[in-house]
2 protein chains.
Amino acid sequence: MDPHLLRTFVAVVRTGSFSSAARELGYTQAAVSQQIASLENDLKVTLLRRRPVATTEAGARLLEHAGPILLRIQAARSELVRLGSAARSRLRVGASPLAAVHIAGPLAEARRSHPRLDVAVQVLPRAGIAAAVATGELDIGLVDGAAAPSDPLRLDDAVPITAVAVDERPLVVPLPVSHPLAARPGLDLDGLVDALWLDAPDAAVPLPSLRHVTGARDGFRPSFACEGGDPALLIDLVSAGHGLAALPAGLAAGHPGLVEVPVRAPRIVHRTELLHPRTIGPASASFVAAVAR
Amino acid sequence: MDPHLLRTFVAVVRTGSFSSAARELGYTQAAVSQQIASLENDLKVTLLRRRPVATTEAGARLLEHAGPILLRIQAARSELVRLGSAARSRLRVGASPLAAVHIAGPLAEARRSHPRLDVAVQVLPRAGIAAAVATGELDIGLVDGAAAPSDPLRLDDAVPITAVAVDERPLVVPLPVSHPLAARPGLDLDGLVDALWLDAPDAAVPLPSLRHVTGARDGFRPSFACEGGDPALLIDLVSAGHGLAALPAGLAAGHPGLVEVPVRAPRIVHRTELLHPRTIGPASASFVAAVAR
DNA sequence: ACTGTTTACGGAGACCGTAAGTATC
DNA sequence: GATACTTACGGTCTCCGTAAACAGT
């Protein structure tokens, strides 16, 4: 259960071969083989079937544990070394596409109080942001999602992190004016389970979240995948009738031919949260303070 | 960041001395000294002030990480070795005092389908149950707490575990019939922030949870601490007017001189959940199945 | 002076690389 | 027979214990 061994285990599974994992980590194939053997020997279980490399049942379970364990260790290390070294005047901010609109204001505040601040901003898929903040790759993360009113977002990663509410507004489904439901004052998501949805996990509320909040196991069928994180493109696709999407209120407001119909049931909202590590530097602090106001 | 080093670090902090930690772990004092030095050297921070032993700021942070990291590692190891060895026909069930009433029924079912089952039941403080289930010390855990209706309990420990709803019923405050509020149909907890409460973290809903659900930072002053996990004693104390307590409906129902007044606001209920590891044996499975019905 | 931590040193073991062996495609 | 993993073996490095030095109480 040495983290070192866990790291090579996940590398082997990811790359699908001992040799490529060895290359990636700077070991010889033999060393990797010994490390895996040592793990299996320690736990008295076969973790991998060889040739081709595939996880056994036990290996799959270990894989589920290994990621969070390594993440937590790295988060601890990063927090501790940050405490040791002097605070650099650098602020790296990452945001999911729908959360990015909340960057500009607080950033201005941070740059005002720290004029020689070296700022880096990037828009990222939701998935990795919490982990990146925990490991110190980002100083500030902004993520969005659907949640019950005034409930915190459910961040899957089991990492120690602080979340601050940034914004909460109605969740809407933009509909073409010609759509039969466009005249309704509000929508029931349960009634849209069998509609066709655009599968845009970054540019809109992801379909699995919709299934989760409605309690539906299936449904919310994707018409097609839409990978980029550009809400404007998504709204164009919605406008052209390629499928539905759930968005925060306001994005499609000015768009001709579209009406934003708020989601009434279940009672959920679109929420944006700011994520930061437990210990933060002065630049991050002024960013956070600006958000809190 | 070797788990081995983390383990001795927490032992040193807990025991308050290098020598006693060494005795506990089966090392020499010198070895412990070297391990701490190695950690500090690796992270480039001083973790401890010596003589007397006390954590620095960095040490305190490391301590917050070390527990969850070690717990997760142990959880992974325990799950994996369980997969390797044959399933023993033993069922260890742990429950918090207020959750214990739900043990008997499912246990009968489990013993019926597994006649030669070796059963061990124990009532424990809420705090350690999730961790004990994760590390395999318990096969089944039953915990209770206050939550919004049909919301899962917030288990603080960041461990991989499966929770199943067992029971959800109104939260009540048992009041002496002579109490001015006893005639009310329902109570608002916010109005009871300044009352005197019995501090019985195991036998009733703990005061910090009440503060959390009401959003009050202070308040819910404890009249005195009541350590045991015996609801009957607690009800006697409430009956004698020593302070208030929040309990699941039904416990004080037959008690002369007490009326159970349900909590109306905030909208919270008393909830009981069953916890079990991801992978379970047949005996646990029949216990869980009996609960689900 | 005594208790408790650090430093010095030596031996056992862990771990990786080289190289030969073995199994699968 | 080629590719990919395993086993064998040797060198190096880590890590712990013994023992001596050192620092507070």
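So that the names make sense, note that chain A is the first sequence line, chain B the second, and so on, each numbered from 1. Worth knowing before you read on, the calculation uses all heavy atoms, side chains too, and leaves out hydrogens, waters and symmetry mates.
Counting heavy atoms from C-beta on, the side chains of L138(B) and V93(B) never come closer than 4.5 Å. Looking at heavy atoms from C-beta onward, R72(B) lies in side-chain contact with P68(A) at the 4.5 angstrom threshold.
Residue Q35(A) places its side chain closer to dC16(C) than to any other of dC16(C), dT7(C), dC5(D). Which of dC16(D), dC16(C), dT18(C) sits closest to the side chain of A31(A) comes down to dC16(C). You'll find that the side chain of S19(A) is closest to dC5(D), out of dT7(C), dC15(C), dC5(D). Residue S17(A) places its side chain closer to dC5(D) than to any other of dG24(D), dC16(D), dC5(D). Side chain of R51(A), nearest nucleotide from dG17(C), dG17(D), dC5(D): dC5(D). For F18(B), counting side-chain heavy atoms from C-beta on, the closest listed nucleotide (dT5(C), dA23(C), dG17(D)) is dT5(C).
In this structure, CG of L48(A) is placed 19 Å from P of dA23(C), rounded to the nearest angstrom. L25(A) has its CG atom 13 Å from the C1' atom of dC16(C), to the nearest Å. Taking atom CG of D42(A) as the reference point, atom P of dC15(C) lies 10 Å away to the nearest angstrom. Distance R49(B) CZ to dA23(D) C1': 17 Å, rounded to the nearest Å. Rounded to a whole Å, the CZ atom of R23(A) is 14 Å from the C1' atom of dC5(D). In this entry the distance linking CD1 of I36(B) with C1' of dC16(D) reads 15 Å, nearest Å.
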Handout entry: side-chain hydrogen bond (donor to acceptor under 3.5 Å, both in side chains) between Q74(A) and T135(A), worked out
Key = CA-CA 6 Å; Q74(A) 206 181 335; T135(A) 60; 4.7 Å; no
Exercise for the section: Apply side-chain hydrogen bond (donor to acceptor under 3.5 Å, both in side chains) to the pair S19(B) and Q29(B), showing each step before the final yes or no. Expected result: CA-CA 5 Å; S19(B) 353; Q29(B) 297 101 324; 4.8 Å; no
Exercise for the section: Step by step, work out the ring-ring contact (aromatic ring centres under 6.0 Å, His included) result for Y27(A) and H4(A). Expected result: CA-CA 12 Å; Y27(A) 291 123; H4(A) 209 228; 5.6 Å; yes
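Of the inter-residue distances, the one linking D139(A) atom CG with I280(A) atom CD1 reads 9.5 Å to the nearest 0.5 angstrom.
Residue order along DNA chain C, read from the 5' end via each residue's closest nucleotide, puts D2(A) first among D2(A) and A30(A).
For T28(A) and dC16(C), the shortest distance from a side-chain N or O to OP1 or OP2 is not below 4.0 Å. Remark: R50(A) is not in phosphate contact with dA23(C), judged by side-chain N or O atoms under 4.0 Å from OP1 or OP2. Under 4.0 angstrom from either OP1 or OP2 of dT6(D) there lies no side-chain N or O belonging to Q29(A). Phosphate proximity of dC15(C) to H4(A): absent, as no side-chain N or O sits under 4.0 Å from OP1 or OP2.
A salt bridge links D42(A) with R77(B): at least one charged nitrogen is closer than 4.0 Å to a carboxylate oxygen.
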Any N/O pairs under 3.5 Å between the protein and nucleotides 9-13 of chain C? List them or say none.
none

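If you check every strand for non-hydrogen atoms under 4.0 Å, V53(A) touches sugar and phosphate atoms only. Residue contacts shown for G26(A) are limited to sugar-phosphate atoms, with no base heavy atom under 4.0 Å away.
Looking at T55(A), its side chain never comes within 3.5 Å of a backbone N or O of L48(A) through a donor-acceptor pair.
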